[in-house]
Protein chains: 2
Amino acid sequence: MNLQTLKIFCDLVELKNFSRTAELHGISQSAVSQQLAQLEMSHKIQLINRRKRPIELTAAGQVFYQASKDILDRYNQVSSELATLKQSSTRIHLAAIFSIGMHTLQPYIQKFMSIYPDVNLSVEYYDAKDIYEKLLRGIIDIGVVAVPKRDRNIESYPFENEPLVLVCSPSHPLAHESQVDIHHLQGEKFIAFDEGVPTRKHIDEILNRYQVTVRTAMEFDNTETIKRAVEINSGISILPAPTLRAELANGTLKAVEFSNESFFRPTGIIVRKDKTRSKAGQYLIELLRKE
Amino acid sequence: MNLQTLKIFCDLVELKNFSRTAELHGISQSAVSQQLAQLEMSHKIQLINRRKRPIELTAAGQVFYQASKDILDRYNQVSSELATLKQSSTRIHLAAIFSIGMHTLQPYIQKFMSIYPDVNLSVEYYDAKDIYEKLLRGIIDIGVVAVPKRDRNIESYPFENEPLVLVCSPSHPLAHESQVDIHHLQGEKFIAFDEGVPTRKHIDEILNRYQVTVRTAMEFDNTETIKRAVEINSGISILPAPTLRAELANGTLKAVEFSNESFFRPTGIIVRKDKTRSKAGQYLIELLRKE
DNA sequence: ATATAATATAAGTTTCGCTAATGCCATGAA
DNA sequence: TTCATGGCATTAGCGAAACTTATATTATAT
């Protein structure tokens with residue numbers, strides 16, 4: 001039983017003419033005849049009296065016509081309900097931590113929007129803790145965080161590895177070096193991330209590996225405040241290079257690479273494992289992830 | 001959109017398992033997967049979350065599940081309504097005039113019942129006027145009458161031609177002839193059909209053709225009463241031979257053929273032109289009609 | 001990490017519905 | 001009544017769609 005057949009039956013009842021009904025549906029008169037025959041065959045009862053011209057409904061036909069109408073109405077209703085749901089499901093919520101700025105995501109977003117121009121993409125910024133929580137609660141669809149942590153319900157894919165550099169005020173002695181050995185940080189006043197920030201742990205591990213101890217002068221939960229503190233020479237810090245663009249350009253800060261090796265802060269895309277993704281969402285994830 | 005697909009979707013939702021759903025419908029697991037994919041494709045929205053095991057409905061899926069249920073319910077409802085209508089439509093009402101006895105129809109009815117054993121066939125007897133009226137009102141489906149009259153709304157087909165014979169009491173002078181010239185009826189006391197009975201007109205025409213005048217002693221609307229009148233020698237009559245079987249067998253009446261020619265009373269099957277006929281009804285008509 | 005159970009995908013086959021051509025039937029005009 | 005005409009049914013052949021089998025992929029538990 002096909003809904004299309006019911007539609008054809010209804011139109012046939014209303015038009016009282018096989019050929020015109022066929023034309024309306026873009027099929028042959030024969031097809032309409034066969035569909036009706038099949039309908040009658042499957043119920044083993046005549047629906048239309050062909051011994052009269054124009055054709056007329058039998059009692060069974062009238063009953064079936066009403067039912068067909070009801071069924072088609074219900075189907076059209078659910079179709080439009082789904083269409084509405086689809087609209088809302090094509091809103092993708094992406095959230096990134098503060099230190100992964102718009103300038104990092106911009107090229108990806110531009111590329112994405114050019115392919116899915118109708119998708120409503122929202123980009124917001126929270127701290128890492130909020131991103132994990134909102135992701136699990138289903139409020140956001142994709143998160144971009146630093147040093148992604150493993151979680152049973154979260155799938156993570158690597159994103160960009162951001163070079164970590166030494167940051168200091170232009171008046172600081174190390175400001176004029178082109179490279180610096182990490183051991184020179186020994187005993188320096190240091191502006192660090194709060195304990196809760198994943199990047200803090202990551203940097204601590206690097207310092208530990210080289211057995212360097214710094215004097216933690218201040219702790220902040222975001223790069224902006226750290227940069228302000230370094231600007232007024234309250235200490236030095238280690239930050240991801242992409243976060244320093246503006247300050248390096250206008251000379252309020254100096255960045256120095258490490259001579260020992262290139263340090264990186266890994267960033268990653270995180271999504272809920274169990275959540276279904278729209279085609280667009282899937283594409284955005286594939287665009288962002290790097291294998 | 002196929003109703004079968006909706007049924008499969010509902011079962012899938014309830015069983016939460018593709019393979020078992022497939023088994024339930026007697027198809028392969030792959031087919032279920034493909035049908036669901038097609039369903040989602042046509043609405044461009046995901047209905048089932050396969051990233052979870054067991055599978056679970058998406059919001060859209062829940063909406064669609066309810067609609068599918070509604071649609072299938074409505075369809076089942078109309079199906080059973082049609083089944084009820086079918087039951088009543090497979091009752092065929094056949095009506096014959098009194099003088100066409102069970103013994104004439106019996107072989108046809110037996111043959112018919114052997115082919116359509118489930119059909120509820122009712123055979124009733126009325127006078128010709130009632131048969132025409134009930135046929136037009138749709139109370140009966142097939143009529144068997146003598147000398148069928150033409151009518152715009154009635155289709156008639158020839159049935160058996162019944163030989164017309166002279167009937168008289170065994171004590172009547174003509175009773176011992178093997179054949180009789182119709183002219184010998186001149187001036188005889190005659191037991192006739194009522195004016196309204198078609199056979200009356202038919203017999204009158206035959207007598208007129210041979211310019212024979214009889215003395216109409218009595219008029220009755222049925223053969224039985226005529227036979228009783230002839231038995232007590234109230235007069236002679238002309239009747240269809242098949243109506244005399246019993247009386248000829250037990251010797252209460254004598255029948256004599258005419259020497260001039262074989263006279264016949266044509267009988268016919270009548271049906272309403274505009275009425276749809278079931279397969280069984282059509283078959284019964286074809287069984288009865290003689291071309 | 002790996003095994004297992006479950007779903008998706010791919011290729012080949014069958015089934016089903018469509019078209020085109022033609023036959024049959026109902027209706028109205030001559 | 002008969003014939004012409006418009007309209008529905010029927011048939012054969014073909015092409016698209018759905019099914020099956022086999023295999024790949026994915027999710028979950030151990």
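Every value quoted in this text rests on a predicted model; they were computed, and no experiment measured them. Residue numbering restarts at 1 for every chain, and letters A, B, ... go by the order of the sequence lines. Hydrogens, waters and symmetry mates play no part in the numbers below; they use all other heavy atoms, side chains included.
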Counting the atoms with a prime plus P, OP1 and OP2 as sugar-phosphate, which does Gln38(A) contact under 4.0 Å by heavy atoms, base, sugar-phosphate, or nothing? sugar-phosphate

Under 4.0 Å, counting only non-hydrogen atoms across every strand here, what does Arg150(B) touch: a base, just sugar-phosphate, or nothing? sugar-phosphate

Figure out the CD/C1' separation between Glu23(B) and dT20(D), and round it to whole Å. 15 Å

Between dG7(D) (C1') and Leu15(A) (CG): distance, integer Å: 14 Å

Between Arg20(B) and Ile27(A), which has a closest nucleotide on DNA chain C that is more 5'? Arg20(B)

Between NZ of Lys273(A) and C1' of dT26(D) the distance, given in whole Å, is 12 Å

Do the two ring centres, one from His25(B) and one from Phe9(B), sit under 6.0 Å apart? no

Atom CZ of Phe9(A) to atom P of dC8(D): distance rounded to whole Å? 14 Å

Is any side-chain heavy atom of Phe159(B) closer than 4.5 Å to a side-chain heavy atom of Val145(B)? no

In whole Å, what is the span from the CE atom of Met41(B) to the P atom of dA17(D)? 12 Å

For Glu40(A) and Gln34(B), find the nucleotide of DNA chain D closest to each by heavy atoms; which residue's nucleotide sits nearer the 5' end? Glu40(A)

Could you state the CG-C1' distance from Asn17(B) to dT28(D), rounded to the nearest angstrom? 15 Å

Identify the heavy atoms of Ile270(B) and Ser156(B) that sit nearest to each other, and give their distance. CG2-CB, 3.6 Å

What do you reckon, are the aromatic ring centroids of Tyr116(B) and Phe112(B) less than 6.0 Å apart? yes

Arg50(B) has a side chain; which of dC18(C), dA8(C), dC19(D) sits nearest to it? dA8(C)

Nucleotide dT26(D), atom C1' - distance to CD of Gln29(B) in whole Å: 13 Å

Between Ser33(A) and dC8(D), is there a contact of a side-chain N or O with OP1 or OP2 at under 4.0 Å? no

Integer-rounded Å distance: dT27(C) C1' and Lys16(A) NZ: 17 Å

In sequence, state the C-alpha distance, the side-chain angles, and the governing distance for Lys44(B) and Lys86(A), and then conclude on side-chain contact (heavy atoms from CB on, under 4.5 Å). CA-CA 8 Å; Lys44(B) 299 188 210 298; Lys86(A) 190 178 70 184; 3.9 Å; yes

Kindly say whether, by distance alone, the side chain of Ser30(A) makes a donor-acceptor pair under 3.5 Å with the base of dA20(C)? yes

